[in-house]
Structures are given as structure tokens and as C-alpha cells.
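Okay, so here's the structure we're looking at.
Naming convention: chains lettered A, B, ... in sequence-line order (proteins, then strands); numbering from 1 in each chain. Please read these numbers as outputs of a predicted model, since none were measured by experiment.
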Protein chains: 2
Amino acid sequence: MGLDQTQWSEKEHEVVQRIRKRVIEVVGRNMELYGVTLSTGHLYGLLFFADKPMTLDEMGSEMQMSKTSMSTGVRTLLDLNMVNKVWEKGSRKDLYEVEYDWYQTFTDYFANEWRRAVESNLQALRRAMKEIDRLLESPDTSEFVADVLKKDREKIRQADSYYRWLDRLIDTMEDGAIFDLVPREAE
Amino acid sequence: MGLDQTQWSEKEHEVVQRIRKRVIEVVGRNMELYGVTLSTGHLYGLLFFADKPMTLDEMGSEMQMSKTSMSTGVRTLLDLNMVNKVWEKGSRKDLYEVEYDWYQTFTDYFANEWRRAVESNLQALRRAMKEIDRLLESPDTSEFVADVLKKDREKIRQADSYYRWLDRLIDTMEDGAIFDLVPREAE
DNA sequence: AACTTTGTACAGTTTTTTCTGTACGAACTT
DNA sequence: AAGTTCGTACAGAAAAAACTGTACAAAGTT
């Protein structure tokens, strides 16, 4: 697994691999929560245990998959800030390693993915709210429709309130305040 | 959309639908973050604006999809606690309505989905850690392998620390303490 | 300048997921 | 008891996603 195998026997290698494989399996599977494929999750696991940054070719050979897949997998992980591109003198190839700070990984995920969703939802809700208000003020709007609109408006208002809260929660992730609220443990 | 259309004109209906549709579109799309299909997201949006609990048949007719799909979609949303089954006297059909408390929806999601992932990851990490310790104590383990194992162990220890933190964060969602830490707004 | 090596775009294939129609058991009605 | 109605299991069709091989541009080497 990216290790210089001349220094250890096949048997020793097997033992270490067995342990790693089980962890990779579980971690990879649960990474579907982050919206990544099982295979991308495995790729992450592979990089997690790699003792040095890996190239696309190395990953492909370890995963028994095409370099193209490694390329797209790595890009997905890069987009999620779960993997970093690493520069190494003398190598023409791109090298990648996992972001080992999982606290960072988690908060980045929220700061990016969830923020995007919250913003777009808020925007849609506000546009709708504005349009409803416009209709409610219009004399052409019948009493009956006005009642319907008011109900919709109230629902939207509640959703808006929730999203504002979520936005603030994401703020605490982004600026690290979450770690004051829910402290990391003493190491 | 589940409304008694005798009370309003086609034109009025159109206007309301146009507003709703745009919100449903966006909310549905962003629900992919919760790991649900776009169409299930739309179903949720439909129920969100419904002015009364809906039956599978009504959903199917609104969504122009089979009742079977509604059945599975609703079950997905039920599993996520995003939709509730509602009892209504005199109706033999099952009725469903969205959970309008989105704070609850969000925290439930974490309490369920993320907790499951955290627990299974923690278990896997701890098993691996135990096995590594066992090997490290064994006299058969070469110096070289021991070094590799120690590196793995340290990585696992860090991940374990992160998951314990995440577990505590999820606790705050589950018991509502998160709303003391990041308060809801005054309504 | 010709030749390698590297990463990725893209088209086509394979695999997976989603969706539908049929069938059937459960529960209610007559 | 026969007849409805309802929800869902299941098999197959349709759609979407993942994966691969080829091709090529960019950048380095000779």
C-alpha cells in the first residue's frame, strides 16, 4: 500500500493490510453521508493509511481501478477539502494526501455544502415571500386566494426562521466558535 | 394542489402554483444533502404546501407518478422523520403531512443518520486499535512492522478523538442543548 | 524540434438506482 | 362470503451514475 515492500515480508504485509482494510471499509461506507461514492470513500481510506502522498497511478494500482477514476475521485475529495494536493521536489506527478484534521474536514463540509444549500433556499423563500406580499396588496386578489397565500406565507416564514438559525450554526463551524460551544477533548 | 378548486379560478390557481413550484424546486433540489432523490425532495415540497394531509393517490396524481413511487418516497421521508402519518376519522386511507418543525427535522437527521455512522466508525476504529496493540505487544512483530503499526495507531487515535467530539455534538442535537448554544431567534 | 510523461475530457459500456405495472394480502363494506 | 379498496412486494423497464479506454493538450526531457 504505497510502502516499500522490500523491508517486510508478504506475511507481515498481509497482517497490516487486514487491519487497515476493515477500517477503510467502514469509513468508506459511512462517507456516503458526505455524498460521495463508496469507491471514492475507499479511495479516501486508502489515502488515510498511506504513509506518504500518493500519485494517481499508485492509487489506481492499489484500487485496481483506472487512472481516470482516480482522477475524478480525487477531484471530488479535493472539492470537499478532504484531500490536499502536495508538492514534492523532483516529482512531475501530482501528489495527494488526506486532510488528517477531521475536525477541519467536518466544519469545512458544512461551511461549503450546507452553506450553499442554505443560501439558495433562503433566496428562493424570500423571493416567494416578496411575491406573495405583492399579491396580497393587489386589489385583484380575491379573499379566498388571499387566505391561501397567507397560509403559504406563514409556512415560508417558519422555514426562513429555521434557515437563519442554520446559517448561524454554520457560522460557528466556519469561524471555529463551535469548538468553544462543544469543546474538543484534551488530547 | 389538493385544494378544493371549486372556490378559485384556474388563473388564480396558476399564480399560486407558480410561486409554490419555484420554492419546491429549490427545496427539493437541496434535499439531496439529506441523501434523498430529487423526486422525493419534490414530494416533500408538495406536502410542505399542501393545506391538509395527503393520500398516496393524491400525491401520485399531483406528481404525475405511480402510487408505488409515492409509497416508497413517503417511506423514505418517514424514516427521516420528515413526514408524519396522520390519523383522520372516517378515512380508510393513510394520510401524511410534513413535519413543519424544521429544527426538529434537522436535529433528528443528525441524531439518527450521523449517529449511526459515528457509532459504526468508532467501533471499527476501536477494534483496529485493539488489534494493533495486541500485535505491538507480540514478540513476533518485527521492528519495522511495529513502526508502521504505530503510525497507523496514531492516525486512528486522532480519528477516534474527532468521532468522540462529533458524538458530543450529536448529543447536543438530540437533547436540544444546541439551541442553548446557538439560540433560535425570537420569533 | 521530436519525444515522453501526466492529467483529464469525452464517448461508450457497465452497473446501479429509480420508477412502473402487476399481483396479492389485509382490512373494510355490503 | 363476495366484493372493494388500500398499501406494498416484486419483477422488469427506464433512467442515471459510475467506470473505462482512447485521445489529446500541457509541460517536461533529450
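With hydrogens and angles ignored, no donor-acceptor pair under 3.5 angstrom links the side chain of Thr68(B) to the base of dG7(D).
Distance Arg92(A) CZ to dG7(C) C1': 11 Å, rounded to the nearest Å. Put simply, NZ on Lys93(A) is 16 Å from P on dT4(C), counting in whole angstrom units. In this structure, the NZ atom of Lys67(A) is 18 Å from the P atom of dC19(D), given to the nearest Å. Atom CD of Glu32(B) is separated from atom P of dT17(C) by 15 Å (rounded to the nearest Å). The separation between Leu78(A) atom CG and dG7(C) atom P is 12 Å, rounded to whole Å.
One finds no side-chain N or O of Ser69(A) lying less than 4.0 angstrom from the OP1 or OP2 phosphate oxygen of dA18(D). Residue Ser71(B) has a polar side-chain atom (N or O) positioned under 4.0 Å from OP1 or OP2 of dT8(D).
Among the heavy atoms of the strands lying under 4.0 Å from Ser39(B) are primed sugar atoms or P, OP1, OP2 only; no base atom is included.
If you check dT20(D), dT20(C), dG7(D) against the side chain of Ser66(B), the one that comes closest is dT20(C). The side chain of Thr37(B) lies closest to dC19(C) when the candidates are dT20(D), dT8(C), dC19(C). Minimum atom distance to the side chain of Arg75(B) is reached by dT8(D), of the listed dC19(D), dT20(C), dT8(D).
Residues Glu97(A) and Asn84(A) bring no donor and acceptor atom of their side chains to less than 3.5 Å of each other.
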